[in-house]
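Working notes, beginning with the structure itself.
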Amino acid sequence: MTRYILHGDGDNFFASCLIAKYPSLRGKPLVVGAERGMVTALSIEAKAIGLARGMPIFEVRARFPEAVILSGDYKLFAQVSRRMHSLIEQTTDAIEKYSIDESFADITEAIEKRRSSPEIIGKEIKERTFIQLGIPISFGIAPTKTLAKLVSTSSKPNGFRVAMTDKELSPILSEVPIEKVWGIGRRTAIKLRARGILTALELRDAPVEILAHFASPIIDIQKELRGTIVHPINKEGALQQSMISSLSFPATTDRTFIHKEFIRHIEHVCARLRKHEAVGRTFTIHIKNSAQELRSETCVLPQHANTPGTYIDHFERLFTRLIKKGERVRTTGICISDIIPQSAANTSLFDHRDVRENEIYATLDQLHKRGLEVKTGTGI
DNA sequence: TCTGGGGTCCTAGGACCC
DNA sequence: TCTGGGGTCCTAGGACCC
């Protein structure tokens, strides 16, 4: 049975949030990203004068003195994001928060229950979010997530569009270059183009023989473009599969500094694990050097854990293997995966030190919750 | 000890997304 | 064009077991 899938996507989300909070910014060429030294978001006016994402901030200052340059306010963005999500949730609980400024929702039941239409229900959501949040969000309604994303994008800026039939969808798909289709990146686009597939419409209508040369994700995308759901709505609730912390700095060969950065990453991710009452087991550390090469080392812990001491024990071995003498390092990062709920971990296997460490960190987390700043060292 | 086949975990990296 | 931080999923070789 055909479903009505809604996709909501904030327009220039970071810039729009800041404009909603500081109305005096409205109409100005606003650039967000001062804290990273790089443009991460732009207002419409900033795009109009030729600014683009990824541009270094020093270049913006030099070439566009009229631009207003701000740092991102990630607490504000997260807050607006949560509200956007909960406003859609008033219509259906079959909702997936896909990213900070995007949500998918299945509004089929809402339409049936109220004997209504996708146009009416969708418009309601659109108006509700615009009035409550004061930021433009574009919405698209189509039979699958892949199609809904293309439809919402085609409706920008501040748009709303329903496209359920071939007749409605084909003209939209014919305007979409192949690399703009969700899941098709630069590499795959090159291969598809080599076989004469240039648009979303051409991918939808491509014969099986041609797609046989490609891996299954492409076949899935084609199904979605044809209106068959391959990627269902993922409701909230599941734990993340991995947690990452990484940070860049001016390239250095200072091993002590690099080491300290890693320890901070470990403490950071462990704190997040504990916040989610989760534990992880697969531990990867990575660096990027001045030649932009990315290298990593991985190990699997004997048991799941969420306190720094356990990770630091294994970290020393990985660190020695990873860092070459005299290498100029500009990014360090760690990733903890194989994440499961703490309750599902076999705590009876914890050794005594783990138990002790867990108690200590539980106390620290409690203090932290009460707003007391607690500085931890490098684990126990 | 080698020969063979099959399964699973570990590890490193790639491609893609926002 | 790889700027930057946080994610997902897939692949392929090697280790190790039966």
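Model, not experiment: these values are computed from the prediction. Chain A is the first sequence line, chain B the second, and so forth, proteins listed ahead of strands; every chain is numbered from 1.
Position along DNA chain C of the nearest nucleotide to A:Ser245 versus A:Lys288 favours A:Lys288 as the more 5'-ward residue.
Across all strands, A:Thr282 comes closer than 4.0 Å to no nucleic acid atom at all (heavy-atom distances). In this structure, A:Arg36 reaches the bases: a heavy-atom distance under 4.0 Å links it to at least one base atom across the strands shown. Residue A:Val269 is classed as having no contact, given no heavy-atom separation below 4.0 Å to the nucleic acid. Across all strands, A:Ile100 comes closer than 4.0 Å to no nucleic acid atom at all (heavy-atom distances). Among the protein residues, A:Lys97 comes within range of no part of the nucleic acid, since none of its heavy atoms lies under 4.0 Å from any strand. Within 4.0 Å (heavy atoms only), A:Leu294 reaches no atom of the nucleic acid at all.
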### Task
Could you go through the side-chain hydrogen bond (donor to acceptor under 3.5 Å, both in side chains) check for A:His286 and A:Ser296 one step at a time?
CA-CA 4 Å; A:His286 70 261; A:Ser296 65; over 6 Å; no

### Task
Decide ring-ring contact (aromatic ring centres under 6.0 Å, His included) for A:Tyr98 and A:His7; before the verdict, give the C-alpha distance in whole Å, the side-chain angles of both, and the deciding distance to 0.1 Å.
CA-CA 10 Å; A:Tyr98 178 68; A:His7 177 245; 7.5 Å; no

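The side-chain tip of A:Lys126 does not point at the ring of A:Phe160 from less than 6.0 angstrom away and within 45° of straight on.
Atoms OH (A:Tyr98) and P (C:dG6) sit 17 Å apart, rounded to a whole Å. In this structure, A:Glu261 places its CD atom 15 Å from C1' of C:dG4, rounding to the nearest Å. What separates CH2 of A:Trp182 from C1' of C:dG7 is a distance of 13 Å, to the nearest Å. Between the C1' atom of C:dT1 and the CD atom of A:Glu179 lies a distance of 15 Å, rounded to the nearest Å. Here C:dG6 presents its P atom at 8 Å from CG of A:Leu247, a figure rounded to the nearest Å.
Between the side chain of A:Gln222 and the backbone N or O of A:Ala206, at least one donor-acceptor pair lies under 3.5 Å. Although no hydrogens or angles enter the test, the distance criterion places a donor-acceptor pair under 3.5 Å between the side chain of A:Glu168 and the main chain of A:Met164. Side chain of A:Ser152 to backbone of A:Phe139: no donor-acceptor contact under 3.5 angstrom is found.
Between A:Phe319 and A:Phe315, the distance from one ring center to the other falls under 6.0 angstrom.
Nucleotides C:dA12 and B:dG4 have their P atoms positioned 24 Å apart, rounded to a whole Å.
Between A:Arg53 and C:dG4, a side-chain N or O to OP1/OP2 separation shorter than 4.0 Å is absent.
Here A:Arg272 pairs with nothing under the side chain to side chain donor-acceptor pair (under 3.5 Å) rule; sequence neighbours left out.
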### Query
How would nucleotides 8-18 of chain C be written as a contact map, 5' to 3', with B for base contact, S for sugar-phosphate-only contact and - for no contact, using protein heavy atoms under 4.0 Å?
BS---------

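A:Met55 is listed as a side-chain neighbour of A:Phe64, based on a closest heavy-atom distance under 4.5 Å.
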### Query
What pattern of brackets, bars and dots sums up DNA chain C from 5' to 3', given Watson-Crick or G-U wobble pairs under 3.5 Å, [ ] for crossing pairs and | for another strand?
....||||||||||||||

